[in-house]
K.L.:
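Here it is, the structure in full.
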Amino acid sequence: MNVPDEPSLEGLEAAWGERWEADGTYRFDRSKTREQIFAIDTPPPTASGSLHVGHVMSYTHTDLVARYKRMRGFEVFYPMGWDDNGLPTERRVQNYFGVRCDPSLPFDPAFDVSGLQRPDDHPVAISRGNFIQLCEQLTAEDEKAYESLFRLLGLSVDWTQTYTTISDVSRRASQRAFLRLVGRGQAYTAEAPTMWDVDFQTAVAQAEIEDRETEGTYQRIAFDLQDGSGSIQVETSRPELIPACVAVVVNPSDERYAPLVGSTVLTPLFRVPVPVVAHALADPDKGTGAAQICTFGDVTDVVWWRELGLPARVVIRRDGTLIEGRFGEPGWESIDPEAANAAMTVLTGKGAKQARRAIVESLREGGWLTGEPEPVRHAVKFYENGSRPLEVITSRQWFVRTLQLEEELLARGREMHWHPGFMGARYTSWVEGLNQDWALSRQRYYGVPFPVWYRLDADGEPAYDTPILPEESVLPIDPQADTPPGFRAEQRGEPNGFTGDPDVMDTWATSSLTPQIAGRWEDDPDLFGRLFPMDLRPQAHEIIRTWLFYTVLKAHLEHGSLPFTHAAISGFVLDPDRKKMSKSKGNVVVPTEVFERHSADAVRYWAGSARLGVDATFDEQQMKIGRKLAIKILNASRFTLGMEAEPGSITDPLDLAMLASLREVVRDATAAFDDYEHAKVLDLVERFFWRLTDDYLELVKQRAYGAHGPARAGSAVAALRLALDVLLRLFAPFLPYVTEEVWSWWKEGTIHRATWPDADEMAIADGADPEVFDVAATVLSAIRKEKALAKVSLRVPADRVRVRDTAERLAKLALAAADVREAGNVVSLETEEASEASIETVLGAPEPA
RNA sequence: GGGCGCUUAGCUCAGGGGGAGAGCGCUUCCUUGACACGGAAGAGGUCAGAGGUUCAAAUCCUCUAGCGCCCACCA
């Protein structure tokens, strides 16, 4: 026993952090079987920037489960990943070093970063290889900072189990998964209209799109019937796409337009003859009920275009500007090509917004405009990281078939255990709303390349239908650097030679494999067999449609199973004004300062009191309470362990009652933890702890000092030590530092590998009545109240205390009467049977000063 | 437009058919042989609103309002 005189929280994080690392306390033992293992698919944080208190909360939630399961005897696989793959990293490197990637440049082995850090200059063009070097260099620094913060927070991660999403292991897994999708016909390449960001100049997937309320205008425009018999009014927010108009569509049941279906109208300004067609998606209640179909203004246009078999006239370039007029050419028929091209000149080279203004003027001058443009606010689709609305651009991309999987994926969602349960609805609603296959290609540089080459024909044109794929054994490969089997390097780009697929995969193609990557899928089949499917995926609700969905999709297609059986969804952290904390709002709290002010245990206490799925308010007050609790644990433990009486057999009814009560706490807390209700566990345990210190400890203090002889003192001391032993373990997942500190005073080994308390440890209290404790505490509390109201010291004697209650409760009080008398300094404790309970206290004179 | 969640004391939140709760904050008191980084106690609420079910509703049902989030084909 080694109890310090003045226990303190200061320095615990550093001391125990080092000790846990040195002892390998959280090291994963891979010799265990799947049944003995609890595997966690840790979210890899994006390694570009810094962690904030939102991370602190959600990662603490995961750690609570990890520590609980470990104490329950599971061997916990708790790895850490760093997401250093993808656009955020790419952008950060561009800004940080002032460079841009030019894939046409050759790799420069002698490249020196030091001359580069001039972000205000024009960006320096560097090769893809050098660019990736810089990405790795910068993210390595971030990862170090993240790790030290996570260690400070006390995450029980096995730091030997780390991975990065751009590593060879991750690239190999991504490419292997891709090849298998291709092999099964689940991935395909096609030239197809796809959502496109004109600034990043890349395709984006449905999951990366968000709606933003945007200012726009509706203009009502006349489309003349070609036979001169009148016109159709069309309302549009995108008049700049009139040159791309290929039809006017109405609802088949719309009587206003029924006679016109099948006739031909001329587009304004460009005088292109286009048909009036009917389709169920045309909404009679929107606008005039007649809409222009353009190639392509939005996803609906794509549906109409495809289902109605319309031609395409594309007017928007990949950079978002409009093309030059080519009316009069095949496919660009106009009854007045000269006028059409003149009208186009005004738009050429302009972005959508400017072109819109320009064409409205032309329309007005030409008399096509009906009324004035009407300002509206409407939802417009943006890439989540983008600044200009998405366009629909036709380009060659790889896709993963998802649309026909809806029923199977919904079934997977039902198979999953969601915590909290209602979060499953997010997944369901996403799967039900899928309207495109997963667009997998990104026209970016930093990422996992497609392991694909294409043969070039005699004219140097790629044969996309017969891609050349590598053997899995050579992965990962870079088709820009590596040569496909059967070709020589010099044949790259030559007629009858080959070319590498220039694109990289969507980052989610890699992130959706985190269970496989962390589990070394195919690289270490023995390990993978012990880990997969994993047990727990912790994550934020905002990425259910991306990370969770894609991970389920990949596992479903590759393994025919869920990737994990439980999904625990944490909420956001809100600032005190109840706004979500985010970098862009500038209201993030830097975690390191919070740790310094309150201690890691205190911060974990705050995080642990927030339930899963519920947004939590950032509340330093709550951390102060956590700190107070941690200090109280130190002091109460010191007191308990410092008692001189020898612990004996526990025989006193009050002691047994306290243990009977603790027994219930253990049962309830265990059940709650099994249900992922960590906040309830903390509440139960904390509540009991305060009862123990405020009531029980006060009640038995004098007896423990020996007021009634060694045997009864021994009962109190033994009960207290047992309660402390159990409580420390109940608190251990929440307050790993302070509980480990106290544990080290009197126990061997680490508390974090100790066994989670079992109700049977209090079997001695079997048959004991917890109400003895309640009744005694109630009477003590009433005596305290009298003293507080009389504004006297608690030491002042109570000459007479008369308790009226039922015979049953009075009998219970009698069992603890001696303790109550001493704790309340009661001279005479009288009882009287009564149907109405009451406690009457007559105070004695204060002691003379 | 559809869905999910929330609305309980000044604040942060638990509770979920039968007593309106905790902590903080506030007020008062107490330096009692673990702890003043402490302790004891007090005041404070029409459980968002309206209907309904029930012997009994903060709790179940319906509707309404406000807030938040997720989703939706931009005419």
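Predicted model only: the values in this text are computed from it and were never measured. In what follows, every chain begins at residue 1, and chains take the letters A, B, ... in the order their sequences are listed.
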K.L.:
Counting only side-chain nitrogens and oxygens, does A/K381 get under 4.0 Å of the OP1 or OP2 atom of B/C73?
P.N.:
yes
K.L.:
In whole angstroms, how far is the P atom of B/C69 from the CG atom of A/L574?
P.N.:
9 Å
K.L.:
Respond yes when some side-chain nitrogen or oxygen of A/Q436 is under 4.0 Å from OP1 or OP2 of B/C73, and no when none is.
P.N.:
no
K.L.:
Rounded to whole angstrom units, what separation is found between the CZ atom of A/R784 and the P atom of B/C30?
P.N.:
17 Å
K.L.:
Is A/E686 touching bases, backbone alone, or none of the nucleic acid, heavy atoms closer than 4.0 Å?
P.N.:
nothing
K.L.:
Determine the contact category for A/L9: base if any of its heavy atoms lies under 4.0 Å from a base atom, sugar-phosphate if only primed atoms, P, OP1 or OP2 are that close, otherwise nothing.
P.N.:
nothing
K.L.:
A/R721 and side chain to side chain contact (heavy atoms under 4.5 Å, CB included): which partner among A/L724, A/D725, A/V717?
P.N.:
A/V717
K.L.:
Is it the case that the side chains of A/T288 and A/Q233 hold a donor-acceptor pair, with the cut-off being a distance below 3.5 Å and no angle test?
P.N.:
no
K.L.:
Hey, does the side chain of A/R426 come within less than 4.0 Å of B/G3's phosphate (OP1/OP2), counting only N and O?
P.N.:
no
K.L.:
Is a side-chain donor or acceptor of A/E840 paired with a backbone partner of A/S838 at a separation under 3.5 angstrom?
P.N.:
no
K.L.:
What is the distance, rounded to the nearest whole Å, between atom CG of A/L692 and atom P of B/C35?
P.N.:
17 Å
K.L.:
A/D211 or A/S637: which one's nearest nucleotide on RNA chain B is closer to the 5' end?
P.N.:
A/S637
K.L.:
Once you round it to whole Å, what is the distance between P of B/A22 and CZ of A/F689?
P.N.:
19 Å
K.L.:
Could a donor-acceptor pair under 3.5 angstrom be found where the side chain of A/K632 meets the base of B/C35?
P.N.:
yes
K.L.:
Is the A/F572-A/H541 ring centre distance short of 6.0 angstrom?
P.N.:
yes
K.L.:
What nucleic acid atoms does A/R238 come within less than 4.0 Å of, heavy atoms only: base, sugar-phosphate, or nothing?
P.N.:
nothing
K.L.:
Please determine if a side-chain N or O atom of A/R611 lies less than 4.0 Å away from the OP1 or OP2 oxygen of B/A14.
P.N.:
yes
K.L.:
Can you tell which of B/C71, B/U12, B/A34 lies closest to the side chain of A/N635?
P.N.:
B/A34
K.L.:
How is A/D619 classified with respect to the nucleic acid when contacts are heavy atoms under 4.0 Å: base, sugar-phosphate, or nothing?
P.N.:
sugar-phosphate
K.L.:
Check every atom of B/A34, B/U12, B/G38 against the side chain of A/K628 and return the nucleotide holding the closest atom.
P.N.:
B/G38
K.L.:
What contact category does A/A679 fall into here, base, sugar-phosphate, or nothing, at under 4.0 angstrom with non-hydrogen atoms?
P.N.:
nothing
K.L.:
Is A/Y705 stacked against the base of B/G33, taking the criterion as centroid distance under 5.5 angstrom and interplanar angle under 30°?
P.N.:
yes
K.L.:
With a 3.5 angstrom cut-off on both distances, give the Watson-Crick or G-U wobble partner of B/G10, or none if there isn't one.
P.N.:
B/C24
K.L.:
Need the pair for B/U53. Rule: Watson-Crick or G-U wobble, both distances under 3.5 Å, any strand; none if unpaired.
P.N.:
none
